[in-house]
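Just below is one structure, and these are the notes that go with it.
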Number of protein chains: 2
Amino acid sequence: MAESLMETNASCGGPDSRAVAARLAALSHPARIEILKHLSTSSSCCCREVVDRLDLAQSTVSQHLKILVEAGLVRFEPDRQRSRYAIDHAALADVSASVAALVNSCCSGR
Amino acid sequence: MAESLMETNASCGGPDSRAVAARLAALSHPARIEILKHLSTSSSCCCREVVDRLDLAQSTVSQHLKILVEAGLVRFEPDRQRSRYAIDHAALADVSASVAALVNSCCSGR
DNA sequence: ATCGTTCATCGGCGATAGACGATGAACGGG
DNA sequence: CCCGTTCATCGTCTATCGCCGATGAACGAT
């Protein structure tokens, strides 16, 4: 499943590299990692709860949450005036697997 | 070894989140992922070889390599007029482990 | 000594990230 | 009905990213 990446991709970052990079970009911010950790502790989590924990403005936290949702790492469900955010464990596991695969290919390739 | 992260870090991203984020940031660019893949195929790799593969300017590739070196993912060794770059497999494995640990903590914490 | 090659660094430029305050919508409670 | 709470979005600002061309240093070869 990994032998189709050097046909049209020799120039500048194949689709695979691009996809992995995009998901890692969502993870590569301390606040977002902290948000994920906090989401993991409580099953239900609204925006304000995160705001209260990290000392960032509400608008900033909302943006970080949006980035995580758009990356597919966090699921969003409106609940009355609240906004419920929850970790997408499958997606997160998938990211972990992607990184592991990248590292593995770097070791096996040598 | 992981119970010391919520003492002074409740505000904005503990040292751990910061460190993980920094290393992931180095990985979160298609060109750099592609560089890592290329480094894995040949044991010795100079800057020009990478330039020749990705179609980016030499200065751009040099900057990406510098970022990878500063992140500790790639080792640098000057060799005459060349510059030898090689993957630091241990560091890369460590990043993979960090991501796995983060994902794991997000699942176990729930 | 001169030329070609390889490379890091500098300066500049456009685009994006990250943070904030302000605003308005949606909703519940008084 | 009015107020407080929660939240997403907008506009703005600054800092950084990513890219490039140009430059000069280091080195090998002629």
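Worth knowing before you read on, the calculation uses all heavy atoms, side chains too, and leaves out hydrogens, waters and symmetry mates. Here is how names work: the chains are called A, B, and so on, in the same order as the sequence lines, proteins then strands, and each is numbered from 1.
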Q: Using the test salt bridge (Lys or Arg N to Asp or Glu O under 4.0 Å), find all partners of B/Arg75 that sit at least two apart in sequence or belong to another chain.
A: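 For B/Arg75 there are no salt bridge (Lys or Arg N to Asp or Glu O under 4.0 Å) partners, ignoring immediate neighbours.
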Q: Not counting sequence neighbours, which residues clear salt bridge (Lys or Arg N to Asp or Glu O under 4.0 Å) with B/Arg23? List them please.
A: B/Asp94
Q | side-chain hydrogen bond (donor to acceptor under 3.5 Å, both in side chains) partners for A/Arg48, two or more places apart | A | none
Interatomic distance where [atom1] belongs to [X] and [atom2] belongs to [N] [whole Å]:
X	N	atom1	atom2	value
A/Leu68	C/dG18	CG	P	11 Å
A/His29	C/dG18	NE2	P	5 Å
A/Leu24	D/dC17	CG	P	17 Å
A/Glu70	C/dG18	CD	P	13 Å
A/Ile67	C/dA19	CD1	P	9 Å

**Q.** Sequence neighbours excluded - ring-ring contact (aromatic ring centres under 6.0 Å, His included) pairs with any residue from residues 47-81 of chain B
**A.**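 Sorted pair list: B/His29-B/His64, B/Phe76-B/Tyr85.
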Q | Distance-only side-chain donor-acceptor flag, B/Lys37 / A/Ser17, under 3.5 Å | A |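 Side chains of B/Lys37 and A/Ser17: pair found under 3.5 Å.
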Give each protein N/O atom lying under 3.5 Å from an N/O atom of nucleotides 7-12 of chain D, with the pair distance.
residue: D/dC7; atom: OP1; partner: A/Cys47; partner atom: N; Å: 3.0
residue: D/dC7; atom: OP1; partner: A/Ser83; partner atom: N; Å: 3.4
residue: D/dC7; atom: OP2; partner: A/Arg48; partner atom: N; Å: 2.4
residue: D/dC7; atom: O3'; partner: A/Ser83; partner atom: OG; Å: 3.0
residue: D/dA8; atom: OP1; partner: A/Ser83; partner atom: OG; Å: 3.4
residue: D/dA8; atom: OP1; partner: A/Tyr85; partner atom: OH; Å: 2.2
residue: D/dA8; atom: OP2; partner: A/Ser62; partner atom: OG; Å: 2.6
residue: D/dA8; atom: N7; partner: A/Gln58; partner atom: NE2; Å: 2.9
residue: D/dA8; atom: N6; partner: A/Gln58; partner atom: OE1; Å: 3.1

Q. Closer than 4.0 Å, any side-chain N/O of B/His64 to the OP1 or OP2 of D/dC17?
A. no
Q. According to the salt bridge (Lys or Arg N to Asp or Glu O under 4.0 Å) rule, which pairs have a member within residues 81-90 of chain A, sequence neighbours left out?
A. A/Asp79-A/Arg84
